[in-house]
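For the single chain, residues carry numbers from 1 onward in sequence order.
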Amino acid sequence: MGLDDPFPIENCSGRVRGAILAEFQGRCPTIREVASISDSQWLTVPNIGPTTLEELRSMTQQLPNGEGLGSSGSSIPDNELLSRLNRLQRELNILVAEIRTRLSGASRRTPHR
């Protein structure tokens with residue numbers, strides 16, 4: 001399977017499948033077409049958020065024959081990588097804060113002996 005083969009839409013969740021079909025006016029695009037849309041553009045598509053975007057990206061970057069966007073051909077631009085890194089760091093900070101909140105709440109509810 002190569003970049004010009006049809007995108008494996010049948011392997012997507014319903015939400016991602018619907019978003020892709022809507023974006024490409026009901027037709028199944030190639031892997032290259034899906035991969036060529038930037039993260040910031042995908043995030044403006046209804047039903048595409050950070051989680052569904054990661055699902056979509058994992059399918060465009062991990063091709064069975066070893067060909068992929070991160071291989072010797074084309075690569076992800078630095079600004080796109082930095083954007084992803086910043087988003088992941090924000091999400092991680094939110095999760096850490098949530099865990100700390102829950103742990104502090106649980107320690108207040110636990111009676112001390």
Side-chain angles (χ1 to χ4, degrees):
M1 180 158 68
L3 292 174
D4 293 318
D5 289 336
F7 184 81
I9 200 162
E10 66 279 356
N11 296 338
C12 296
S13 66
R15 174 175 267 173
V16 173
R17 189 178 315 122
I20 291 171
L21 290 174
E23 184 66 14
F24 290 94
Q25 290 78 43
R27 71 174 178 84
C28 183
T30 65
I31 294 170
R32 185 181 311 274
E33 287 176 305
V34 171
S36 69
I37 297 176
S38 73
D39 287 358
S40 56
Q41 287 174 303
W42 272 120
L43 291 171
T44 64
V45 174
N47 292 323
I48 295 288
T51 303
T52 51
L53 179 61
E54 288 304 318
E55 176 186 342
L56 191 131
R57 287 299 181 213
S58 72
M59 296 180 77
T60 59
Q61 293 174 351
Q62 302 297 323
L63 300 178
N65 66 359
E67 179 183 6
L69 298 179
S71 62
S72 61
S74 60
S75 63
I76 300 171
D78 289 347
N79 64 342
E80 193 73 40
L81 287 172
L82 286 172
S83 173
R84 287 186 192 183
L85 175 62
N86 288 333
R87 186 181 70 250
L88 290 171
Q89 286 176 328
R90 284 191 306 271
E91 290 177 16
L92 178 60
N93 288 334
I94 290 168
L95 290 171
V96 166
E98 179 66 24
I99 289 169
R100 286 185 176 145
T101 300
R102 289 183 183 196
L103 286 175
S104 68
S107 67
R108 280 186 248 136
R109 288 192 299 263
T110 305
H112 296 283
R113 293 178 190 203

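Residues Met59 and Phe7 have side chains in contact (heavy-atom distance under 4.5 Å, counting atoms from C-beta outward).
In this structure Glu54 satisfies the side chain to side chain contact (heavy atoms under 4.5 Å, CB included) test together with Arg87, sequence neighbours excluded. Checked against side chain to side chain contact (heavy atoms under 4.5 Å, CB included), Asn93 has no partners two or more places apart in sequence or in another chain. With sequence neighbours excluded, no residue satisfies side-chain hydrogen bond (donor to acceptor under 3.5 Å, both in side chains) with Thr44. Remark: Glu10 pairs with Pro8 by the side chain to side chain contact (heavy atoms under 4.5 Å, CB included) rule, at least two apart or across chains. Under the side chain to side chain contact (heavy atoms under 4.5 Å, CB included) criterion, Glu23 pairs with Ile37, Trp42, Val45, not counting sequence neighbours.
Cluster membership for Leu43 and Val34, using ILVMFWY side-chain heavy atoms within less than 4.5 angstrom, is shared.
Interatomic distance, OG of Ser58 versus CG of Leu53, reported as 9.5 Å (0.5 Å rounding). Atoms CG and CD1, from Leu3 and Ile31 in turn, are 6.5 Å apart once rounded to the nearest 0.5 Å. To the nearest 0.5 Å, atom CZ of residue Arg90 and atom CG of residue Asn86 are 6.0 Å apart.
The two residues Cys28 and Leu21 have their closest heavy-atom pair at N-CD2, 4.4 Å. In plain terms, the two heavy atoms of Thr101 and Ser104 that are nearest each other are O-OG, 3.0 Å.
Clustering of Ile, Leu, Val, Met, Phe, Trp and Tyr by side-chain heavy atoms under 4.5 Å joins Val96 with Leu92. Using a 4.5 Å cut-off between side-chain heavy atoms of Ile, Leu, Val, Met, Phe, Trp and Tyr, Ile94 forms no hydrophobic cluster with any other residue.
The salt bridge (Lys or Arg N to Asp or Glu O under 4.0 Å) contacts involving residues 92-105 comprise Glu98-Arg102, where partners must be two or more places apart or lie in separate chains. Judged as a side-chain hydrogen bond (donor to acceptor under 3.5 Å, both in side chains), the pairs with a partner in residues 11-22 (not counting sequence neighbours) are, in order, Ser13-Glu55.
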